[in-house]
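One structure below.
As the structure lists them, so they are numbered: ligands from 1, and atoms in each ligand from 1.
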Amino acid sequence: MVSKNSPTLKSLQELKEAHNNMNGDIGKVSSFYNNWSDLYDKDVEEQQYIAPTFSAHFFLAFQKQVWQNPSDFHKIRIMDAGCGTGLSGLQLQKLGYTNINGCDIAQNMIDIAKGTNVYQSLSGDADINNLSAFANNQYDAVISCGVFTPGHVFPDALRELVRITKKSGFIVVVTRRSYYQSTNFQEVCDTLKQERLVSSITKQEGPYDMEERAYYWGIKL
Ligand SMILES: C[S@@+](CC[C@H](N)C(=O)[O-])C[C@H]1O[C@@H](n2cnc3c(N)ncnc32)[C@H](O)[C@@H]1O
């Protein structure tokens, strides 16, 4: 358990300021979420954070399009990258998925995710920019919701998600619209396609929270 400062309820304005200040600094990001962990679920519910639910349904729909083997449909090995307290994992479980792993940079978020009993395994202190503890080609699918967000990770982190995904697998990533507009995420996607590390990329706009919309990306290796 990482020590906490007294947690405070985060308003949308506070969040925006924190995002700007973090600027992808792993120490700042982990300390921000370690301190917020206890109130995270309550705060994001108030902010009508629908992305975990929307992304889980998008994941199911995308898998129906790209997955070849219907017999293991719900048993696929999934990594929830930046799982936080487990909101996406819970939604995936509701849709029937049974083999979900999670990782996050913030140990206190992971400790809460443990309490959901959704995850087969959980790894704290795992930085998506460099998942060196994770071997190549080991997950059938990866989902990452709420992480490709201003101040959190840089678009190149997508390469790490591709690296740990099997060649038969797929990835679902959520980018806030503001993230997509202010970073080179599209360029990273285009380059991954040119390098033939991925075969197709689709994007759908959808709701995120009360303030912003997002893009939901389905990436097939
Ligand atoms: C907005 S929360 C989303 C959590 C969860 N996926 C959800 O939708 O509720 C962002 C999460 O990303 C994690 N995170 C941010 N940067 C990260 C990084 N570089 N590596 C791993 N996790 C990171 C944070 O610790 C936090 O738990």
#### Entry: Expected output: side-chain S144 to main-chain A81 donor-acceptor under 3.5 Å
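Looks like yes, one N/O pair under 3.5 Å.
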Any nitrogen or oxygen of [X] lying under 3.5 Å from a nitrogen or oxygen in ligand 1? Just yes or no.
X: I105; value: yes
X: G146; value: no
X: Y40; value: yes
X: V29; value: no
X: H152; value: no
X: D104; value: yes

#### Entry: Centroid-centroid distance, H57 to F62, less than 6.0 Å
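Aromatic pair excluded; centres sit 6.0 Å or further apart.
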### Query
Parallel, tilted or perpendicular: which describes the rings of Y97 and F59, with under 30° parallel and over 60° perpendicular?
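Plane angle over 60°, so perpendicular.
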### Message
Angle between ring planes, Y180 versus F185, binned at 30° and 60°: parallel, tilted or perpendicular?
### Response
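Because their plane-to-plane angle is over 60°, the rings of Y180 and F185 count as perpendicular.
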Out of all atoms in ligand 1, which are within 4.0 Å of some heavy atom of [X]? Include the element for each.
X: G84; answer: 4 (C), 27 (O)
X: P52; answer: 8 (O)
X: N129; answer: 19 (N)
X: A106; answer: 25 (O)
X: V153; answer: 16 (N), 17 (C), 18 (C), 19 (N)
X: L87; answer: 9 (O)
X: A126; answer: 20 (N), 21 (C)
X: D127; answer: 18 (C), 19 (N), 20 (N)

### Lys/Arg-Asp/Glu bridge criterion (N-O < 4.0 Å) met for R177, E212
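Salt bridge absent between R177 and E212.
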### Message
Strictly by salt bridge (Lys or Arg N to Asp or Glu O under 4.0 Å), give each pair with a member in residues 25-37 just once, sequence neighbours left out.
### Response
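Of all non-adjacent pairs touching residues 25-37, none passes salt bridge (Lys or Arg N to Asp or Glu O under 4.0 Å).
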### Task
Could I get the full list of ring-ring contact (aromatic ring centres under 6.0 Å, His included) partners for Y40, not counting sequence neighbours?
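With neighbours one apart ignored, the set is W36.
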### Heavy atoms of other groups near E45 CD, more than 12 under 6.0 Å
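12 or below, so no.
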### Task
Return the option from C83, S37, S144 holding the heavy atom at the smallest distance from atom 5 (C) of ligand 1.
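Considering heavy atoms of C83, S37, S144, the nearest to atom 5 (C) of ligand 1 sits in C83.
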### ligand 1 contact by A51, heavy-atom criterion under 4.0 angstrom
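A51 does not count as a contact of ligand 1 under the 4.0 Å cut-off.
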### Query
Stepwise, does the side-chain hydrogen bond (donor to acceptor under 3.5 Å, both in side chains) test hold for W217 with T175?
CA-CA 8 Å; W217 300 79; T175 58; 2.9 Å; yes
